[in-house]
Q: 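Supplied in structure tokens, the structure appears directly below.
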Protein chains: 2
Amino acid sequence: MTKKYSPKDVSGRIVARLALYLGILKDLEKVQPEINSIELAQRMNTTAVQVRKDLSTFGEFGVRGKGYSVSALIREIESILGIDKENEVILIGYGHVGKMIACNTNVLGKGFKLTAVFDKDSRKIGKEIPNLNIKVSDASKCLEYIEKNKVHTVILAINAEYAQVVANQLIHSGVEAILNMTASKLELNSNTAVVNADISAKLKELNFWRINPELRGGINFD
Amino acid sequence: MTKKYSPKDVSGRIVARLALYLGILKDLEKVQPEINSIELAQRMNTTAVQVRKDLSTFGEFGVRGKGYSVSALIREIESILGIDKENEVILIGYGHVGKMIACNTNVLGKGFKLTAVFDKDSRKIGKEIPNLNIKVSDASKCLEYIEKNKVHTVILAINAEYAQVVANQLIHSGVEAILNMTASKLELNSNTAVVNADISAKLKELNFWRINPELRGGINFD
DNA sequence: TAGATTGTTAATCGATTAACAATC
DNA sequence: TAGATTGTTAATCGATTAACAATC
């Protein structure tokens with residue numbers, strides 16, 4: 001059950017690609033039952049060898065001479081990413097970004113369930129969140145909630161200037177993973193996982209590639 | 001004025017880091033006028049050598065024996081990323097994600113101005129966007145608008161299943177850059193720049209690192 | 001001049017690709 | 001068995017790091 005991958009074989013790039021493979025496979029699921037590395041590579045804008053190498057890092061999922069079963073591969077990748085079960089997450093910050101995440105269950109995707117939302121603004125506290133059966137709670141109760149409910153994943157959607165302070169508190173409370181939606185780069189000497197999903201940074205990257213078309217030789221600049 | 005960097009020296013990673021350096025420097029601007037590569041590296045969770053290498057790819061911005069001027073470095077990086085001037089962008093899709101972007105000018109950050117918003121839903125068309133002086137337009141007018149106004153950058157925040165079709169049309173209309181907020185991986189044989197900013201993919205990555213703490217040896221898994 | 005820190009050239013490390021053996 | 005396509009081992013390529021020369 002508990003698969004063991006070697007640290008030297010799993011890189012950040014591979015994990016990022018895994019999430020992309022999954023997206024492609026989900027699109028494909030209704031249309032065709034099987035796929036080979038060549039076609040998957042085309043859709044990923046990469047090479048067939050990389051597809052096979054990536055997948056084989058985690059196990060032998062294909063059938064030689066044939067290819068991969070789309071549905072089986074989806075299940076494998078979901079299992080690798082730990083989204084075959086439902087993971088509880090909480091959201092801190094109910095501003096524009098927070099609201100978008102809270103009001104749109106699609107945004108989180110399969111495997112994640114939003115169980116609580118916190119904000120420090122008294123005008124927002126107590127507001128009902130559409131579709132989910134929860135209300136915005138007072139941010140001052142947040143750490144208590146985390147410890148009581150053993151929350152392991154937090155989406156941080158607060159003002160950038162408070163991000164570092166709040167993150168420190170979260171880690172102290174035992175949080176293992178933070179999705180950082182703020183423009184602030186979090187400094188964490190602990191072993192908490194942090195992934196940045198700040199839109200403005202992405203837009204800046206994009207703009208660089210736009211104004212320097214001659215530099216986008218390589219295929220991948222996600 | 002027009003700086004020329006060699007393609008072999010500029011990688012996607014460097015550009016991504018550039019946007020992060022900028023964020024750190026902006027935080028720092030009010031607090032201290034100068035910084036050296038050692039301190040900047042600490043805040044970035046990387047090494048001083050990498051900081052210097054990254055920056056020197058684009059020019060000589062530092063003073064030997066001293067370090068870098070925070071404000072000058074900010075200006076340089078903004079210039080490299082092309083956000084020292086205002087770039088017009090349009091938004092396609094006024095659902096939860098689109099609304100979040102349109103209603104929150106902060107989200108785009110410096111250097112970008114939202115000039116038009118499109119949606120195909122007749123209930124949304126005509127709606128006034130708070131703070132910006134624009135209304136949601138009919139998506140059917142979108143391509144015409146792009147061609148007329150020479151729009152080069154589009155934020156795509158529509159349903160994943162339409163993403164590929166719309167992207168093809170955008171490229172045909174001369175769009176140079178797409179910020180893809182959808183969960184769909186866009187296949188583009190043209191030389192349009194695309195950067196993905198799908199939140200659910202990031203959350204999946206994050207979850208992998210959470211459940212495999214022994215694999216997060218390296219510092220950087222953004 | 002001595003001390004500090006940058007920018008660059010060379011060495012190492014890691015990730016991608018090529019070649020091929022395994023097997024359906 | 002022949003054809004196809006996977007999974008893996010070895011070779012190449014690119015990115016990071018180390019060493020050091022430049023210079024404030």
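All heavy atoms count here, side chains included; hydrogens, waters and symmetry mates do not. Letters go in sequence order (proteins before strands), and every chain restarts at 1.
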Q: Consider only side-chain N and O atoms of A:Ser173 and A:Glu147, and report whether a donor and an acceptor are under 3.5 Å apart.
A: yes

Q: Flag the pair A:Tyr94 / A:Phe118 as yes when their ring centroid distance falls below 6.0 Å, and as no otherwise.
A: no

Q: Do the non-hydrogen side-chain atoms of B:Tyr21 and B:Val51 ever get within less than 4.5 Å of each other?
A: yes

Q: Please state whether the phosphate of D:dC20, meaning OP1 or OP2, lies under 4.0 angstrom from any side-chain nitrogen or oxygen of B:Arg64.
A: no

Q: Find the distance A:Asp54:CG to C:dT16:P and express it as a whole number of Å.
A: 7 Å

Q: Without decimals, in angstroms, what is the distance between A:Met44 CE and C:dT16 P?
A: 11 Å

Q: Please classify the nucleic acid contact of A:Val63 as base, sugar-phosphate, or nothing, using heavy-atom distances under 4.0 Å.
A: sugar-phosphate

Q: Considering only C:dA19, D:dT16, D:dA18, which nucleotide approaches the side chain of B:Gln50 most closely?
A: D:dT16

Q: Hey, where does DNA chain C pair up into stems, meaning at least three consecutive Watson-Crick or G-U pairs with distances under 3.5 Å?
A: C:3-24 with D:3-24

Q: Give a yes/no on whether any side-chain N or O of B:Arg52 is located under 4.0 angstrom from OP1 or OP2 of C:dT6.
A: yes

Q: What integer distance in Å separates A:Leu73:CG from D:dT5:P?
A: 16 Å

Q: State the CG-OG1 distance between A:Asp9 and A:Thr57, to the nearest 0.5 angstrom.
A: 6.5 Å

Q: Using 4.0 Å as the upper bound for N to carboxylate O, is an ion pair formed by A:Glu78 and A:Lys85?
A: no

Q: Closest approach to the side chain of B:Asn36, judged atom by atom: which nucleotide of C:dT6, D:dT8, C:dA15 is it?
A: C:dT6

Q: Could you work out which one of D:dT9, C:dT6, D:dT6 sits closest to the side chain of A:Lys53?
A: D:dT9

Q: Rounded to whole angstroms, how far apart are CD on B:Glu60 and C1' on C:dT9?
A: 14 Å

Q: Tell me the interatomic distance from A:Arg13, atom CZ, to C:dA15, atom P, rounded to whole angstroms.
A: 8 Å

Q: Starting from C1' on D:dT8, measure out to CZ on A:Phe61 and report it in whole angstrom.
A: 15 Å

Q: With side chain to side chain contact (heavy atoms under 4.5 Å, CB included) as the test, would you mind laying out the steps for B:Ile158 and B:Val166 before giving the verdict?
A: CA-CA 9 Å; B:Ile158 62 179; B:Val166 174; 3.6 Å; yes

Q: Quick check on C:dG7: is either OP1 or OP2 less than 4.0 Å from any side-chain nitrogen or oxygen of B:Tyr68?
A: yes

Q: If we ignore hydrogens and angles and just use 3.5 Å, is the side chain of B:Arg216 paired with the main-chain N or O of B:Trp209 as donor and acceptor?
A: yes

Q: Starting from C1' on D:dT5, measure out to CG on A:Leu40 and report it in whole angstrom.
A: 14 Å

Q: With a 4.0 Å limit, can you tell me whether B:Ser37 has a side-chain N or O closer than that to the phosphate oxygens OP1/OP2 of C:dT5?
A: no

Q: Rounding to a whole Å, what distance do you find between A:Leu55:CG and D:dT8:P?
A: 12 Å

